[in-house]
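The chains referred to below are lettered A, B, ... by the order of the sequence lines, with proteins before strands, and numbering in each begins at 1.
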There are 2 protein chains.
Amino acid sequence: MRKEEDFLAWYTGIVEKAGLTDKRYPIKGMNVWTPYGWKAMRLIDEMTRALCEERGYKEVNFPLLIPETEFKKEEDHIKGFGGEVYWVTHGGETKLDIRLLLRPTSETAMYPMFALWLRSHADLPLKIFQIVNVFRYETKMTRAFMRVREIHFFEGHTAQRDFEAAEAQVREDMEIWQALARELALPYLINRRPEWDKFAGAFYSLGADTITPTGKTLQVATIHHYKDNFAKPYNITYEDADGTRKHAHQTTYGMSERLIGAIVSIHGDDKGLVMPPAVAPVQVVVVPILAKGAKDEPLEAARQIAAALKADGLRAEADVRDIRPGAKYYEHELRGVPLRVEVGPRDLKEGTVVVVPRDTGGKNVHQRTRLKEAVREEFEFLRERMLAKAKRVIDDAVRAAGSVGEIKSHAGVSVIGWCGDEACGQKVEAEAGTHILGTLEAGELPAAVTVPSNCLVCGKPSAKPTIAGGTY
Amino acid sequence: MRKEEDFLAWYTGIVEKAGLTDKRYPIKGMNVWTPYGWKAMRLIDEMTRALCEERGYKEVNFPLLIPETEFKKEEDHIKGFGGEVYWVTHGGETKLDIRLLLRPTSETAMYPMFALWLRSHADLPLKIFQIVNVFRYETKMTRAFMRVREIHFFEGHTAQRDFEAAEAQVREDMEIWQALARELALPYLINRRPEWDKFAGAFYSLGADTITPTGKTLQVATIHHYKDNFAKPYNITYEDADGTRKHAHQTTYGMSERLIGAIVSIHGDDKGLVMPPAVAPVQVVVVPILAKGAKDEPLEAARQIAAALKADGLRAEADVRDIRPGAKYYEHELRGVPLRVEVGPRDLKEGTVVVVPRDTGGKNVHQRTRLKEAVREEFEFLRERMLAKAKRVIDDAVRAAGSVGEIKSHAGVSVIGWCGDEACGQKVEAEAGTHILGTLEAGELPAAVTVPSNCLVCGKPSAKPTIAGGTY
């Protein structure tokens with residue numbers, strides 16, 4: 001499995017070999033979450049929950065099915081999704097009076113309820129989220145976690161007093177993303193999508209884009225400002241302090257199982273996954289090293305060490321199977337367990353353990369008495385190295401481009417100048433065969449990139465760096 | 001809201017007033033889980049997860065949609081569900097080649113994968129579970145949590161070496177149920193369903209039935225032994241130690257959001273819900289009592305007490321809103337918060353707090369220094385009182401019946417003698433207008449019930465008590 005030689009073959013193999021998913025389910029693009037993958041996804045979900053709840057979001061769960069009549073209330077939205085929803089037409093043998101669709105996202109399910117819930121300004125902000133399955137009838141080639149037809153999805157929805165309050169919510173959602181990205185060790189650029197690529201019904205859309213080793217970008221989070229675009233057709237109004245009725249302004253925040261795809265793509269190596277410690281299903285595996293003819297002390301010590309780490313709140317396991325250590329190492333490396341702790345006869349004598357981080361494979365000797373602290377330090381060092389490594393990939397992939405020719409000659413992501421006019425933007429896309437991901441709102445460009453100051457097409461001034469590249 | 005006078009009106013009102021659900025979603029029988037209800041459900045899910053994982057079950061997540069072709073492989077099963085599934089016929093504008101159905105339960109989604117996963121006896125037992133939404137096109141009257149069209153569902157599925165191993169799994173699943181029922185303070189009878197009422201495709205079915213205050217039974221958990229009934233059509237085989245290929249024997253375990261319905265029905269009172277401490281979204285609310293013109297000390301003390309309880313792992317909140325304590329009490333009682341802690345100027349002077357359990361409303365004075373311990377003791381006493389109270393309801397509802405007339409004259413549940421012959425059983429059902437829930441496998445009958453020893457119809461000996469009653 002050579003990641004550098006054939007990234008797609010590597011990716012396709014590793015997601016199944018490491019136990020994240022099983023793609024043999026008899027519907028294309030609908031895969032089975034096997035225990036290891038599902039646990040990782042659930043750990044990401046738990047982190048997201050905590051970050052949202054700290055900020056006053058409440059978790060809800062809406063029905064999966066949406067009546068066609070509700071779905072069609074917001075015109076741009078139906079245009080954006082109409083061609084790719086699954087339709088339920090029958091219950092048993094009975095043809096339904098009104099067709100039902102499987103949610104592709106839940107605006108049109110939630111907002112009729114928002115209209116009922118929202119009465120006065122005292123109810124604002126209204127901040128809810130749900131973690132559910134959504135559906136898209138994809139016609140493009142599917143790929144595990146990246147492009148699937150049933151998607152594990154996080155969606156946060158808020159109603160706010162006015163435009164400015166919605167702007168503040170967008171900033172808060174960006175903070176949530178940043179906190180999550182830090183723990184997942186994912187570098188990103190937050191781009192404000194061009195008008196022609198914003199979410200169906202949005203006033204504007206921000207996308208958090210990460211970059212995979214192929215140089216393609218992967219959208220891993222989106223934050224939308226809806227203004228009152230949905231509030232009007234769904235009649236989401238409140239009575240303001242002065243007694244007038246006003247439409248709420250709304251925002252949403254979306255993420256999906258693509259985060260797993262990003263973790264696999266960006267952190268994985270030829271040996272397998274490298275899981276960020278915060279979401280690793282197994283954070284530490286303790287392996288006893290038995291000298292020839294040795295007694296069982298290392299076995300017992302491995303069990304004790306794992307138990308002590310577990311009691312301390314870590315996801316630790318002792319691997320006491322009667323197979324060669326090498327076979328164990330192979331398996332734990334494949335699954336990306338962040339730290340391996342080895343304990344052998346010599347360690348027992350000296351009161352030490354050997355800690356092997358997944359990325360370096362180095363052997364770090366620690367005192368057994370302060371192992372808990374050492375593990376947490378090693379996690380933090382590992383996370384930092386993972387982020388630094390991922391940033392180096394981005395440094396290689398991102399270049400400034402001053403012309404269509406320069407965009408085309410570079411397989412990665414280009415930073416261009418753009419005046420902001422749609423005509424110039426569309427021209428760049430058409431001629432360079434690229435996508436304009438938008439103007440940079442947050443995230444770090446490589447230090448070596450000199451941002452062009454004029455539009456690539458018309459030469460007018462370019463206010464912000466504009467990012468262009470291939471997308472998944 | 002008088003529970004005794006009009007149970008259904010009380011139930012219908014309370015589920016919305018207490019914030020468990022919103023039934024105004026525009027599809028009948030598909031309701032919105034509002035934050036409080038969803039939190040309670042998630043807490044039940046977490047407890048179920050822990051109980052399953054301790055016993056070697058692994059969590060997975062299967063696709064929602066099942067191809068019609070897979071669904072039809074097991075004949076009895078399709079007969080059982082064929083009339084009440086939702087059908088997806090189109091993706092976008094495209095008519096699908098093979099219709100897809102929304103899972104009503106996941107046997108037919110999972111078992112083609114079991115056939116791929118299972119190779120040798122070393123892979124056994126295979127024990128997985130998932131917590132997902134399932135769908136039934138109900139034509140009967142719907143009721144929140146009790147009978148809905150989108151159901152929040154737990155399903156455990158196992159493959160075992162042989163019939164006996166599957167029997168042992170059934171017993172383990174009963175243990176899981178018993179542990180959960182204990183924490184939810186739900187009394188139950190586990191009944192082995194008669195042949196004509198077993199699950200579609202099962203060899204036999206056990207149902208855990210609880211009894212609501214109306215005297216009707218509510219099935220809250222089911223455990224099925226499938227023998228090799230699914231293993232044969234889905235080709236789930238393994239190579240045994242002797243080299244022969246054998247069909248696995250299978251079991252399943254199901255529970256749903258009905259557990260919330262049972263908690264509401266059985267524990268609630270005229271003031272609102274009474275939540276079992278283990279799954280109460282808020283376990284303790286701390287209310288400051290401010291004497292007229294008093295200083296802010298009780299406010300600050302309430303915050304500190306709540307923070308200390310939270311730090312100890314409890315779901316505690318301080319209610320420091322500037323409204324009358326009575327208004328707070330009303331709300332917390334409606335939501336069934338197990339314990340209210342009051343702290344006023346006198347408590348501050350004496351180093352005490354007043355703990356008010358939701359059920360008795362009594363005022364128990366505790367030393368503030370040992371509040372954590374006191375809260376856990378009060379939880380346990382509360383849980384025991386809830387169970388005892390629920391058992392008294394069952395004592396009133398369950399009676400022995402020696403004739404069809406005695407069954408008919410009694411609104412609740414009857415314990416009858418039954419020889420086990422289908423003809424006799426069907427006759428009882430038809431003539432008494434009741435359902436035979438099955439023969440008693442576990443759970444306690446009221447002490448006052450004398451179990452009839454002969455079949456109600458034919459007079460032949462009755463080996464086990466047989467339970468008959470109305471069902472939800």
Heavy-atom pairs under 4.5 Å with chain B: which of [options] has the most?
{"options": "A:Met113, A:Arg149, A:Glu138", "result": "A:Met113"}
{"options": "A:Val88, A:Leu100, A:Thr139, A:Leu102", "result": "A:Val88"}
{"options": "A:Pro26, A:Gly91, A:Gly37, A:Gly83", "result": "A:Gly91"}
{"options": "A:Thr69, A:Ile128, A:Ile66", "result": "A:Ile66"}

Among the options [options], pick out the one with the most heavy-atom pairs lying under 4.5 Å from chain A.
{"options": "B:Arg42, B:Met110, B:Glu93, B:Gln130", "answer": "B:Arg42"}
{"options": "B:Glu84, B:Arg49, B:Met41", "answer": "B:Arg49"}
{"options": "B:Thr34, B:Leu64, B:Leu101, B:Val132", "answer": "B:Leu64"}
{"options": "B:Gly92, B:Pro63, B:Pro35", "answer": "B:Pro63"}

For [X], which atoms come within 4.5 Å of any heavy atom of chain A: side chain, backbone, both, or neither?
{"X": "B:Glu59", "result": "both"}
{"X": "B:Trp33", "result": "both"}
{"X": "B:Leu96", "result": "side chain"}
{"X": "B:Met30", "result": "both"}
{"X": "B:Leu65", "result": "both"}
{"X": "B:Arg136", "result": "neither"}
{"X": "B:Val85", "result": "backbone"}
{"X": "B:Ile98", "result": "neither"}
{"X": "B:Thr94", "result": "side chain"}

Worksheet item: Do the side chains of A:Val282 and A:Lys39 get nearer than 4.5 Å, heavy atoms only?
Response: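 The answer is no; the side chains never approach within 4.5 Å.
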
Worksheet item: Any side-chain heavy atom of B:Ile263 within less than 4.5 Å of one from B:Met275?
Response: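 B:Ile263 reaches B:Met275 side chain to side chain.
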
What is the minimum heavy-atom distance between [X] and [Y], and which atoms define it?
{"X": "A:Pro233", "Y": "A:Glu74", "answer": "CG-CG, 3.9 Å"}
{"X": "B:Pro104", "Y": "B:Phe81", "answer": "CB-CD2, 3.7 Å"}
{"X": "A:Gly80", "Y": "A:Ala200", "answer": "CA-CB, 3.8 Å"}
{"X": "A:Val320", "Y": "A:Arg303", "answer": "CG2-NH2, 3.9 Å"}

Check whether [X] reaches the backbone of [Y] with its side chain - one donor and one acceptor, N or O, closer than 3.5 Å.
{"X": "B:Asn235", "Y": "B:Thr237", "answer": "no"}
{"X": "B:Asp22", "Y": "B:Arg24", "answer": "yes"}
{"X": "B:Gln250", "Y": "B:Phe230", "answer": "no"}

Worksheet item: Where does A:Trp38 contact chain B at under 4.5 Å (heavy atoms): side chain, backbone, both or neither?
Response: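 Answer is side chain: those atoms of A:Trp38 sit under 4.5 Å from chain B.
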
Discussion item. Quick one, B:His152 with A:Asn61, criterion side-chain hydrogen bond (donor to acceptor under 3.5 Å, both in side chains). Give me CA distance, side-chain angles, the key distance, then yes/no.
Written reply: CA-CA 10 Å; B:His152 183 73; A:Asn61 196 269; 5.8 Å; no

Discussion item. Could you check whether A:Arg335 makes a cation-pi contact with A:Tyr36, meaning its NZ or CZ is under 6.0 Å from the centre of the six-membered ring and within 45° of the ring axis?
Written reply: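 The answer is yes, since A:Arg335 meets both limits relative to A:Tyr36.
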
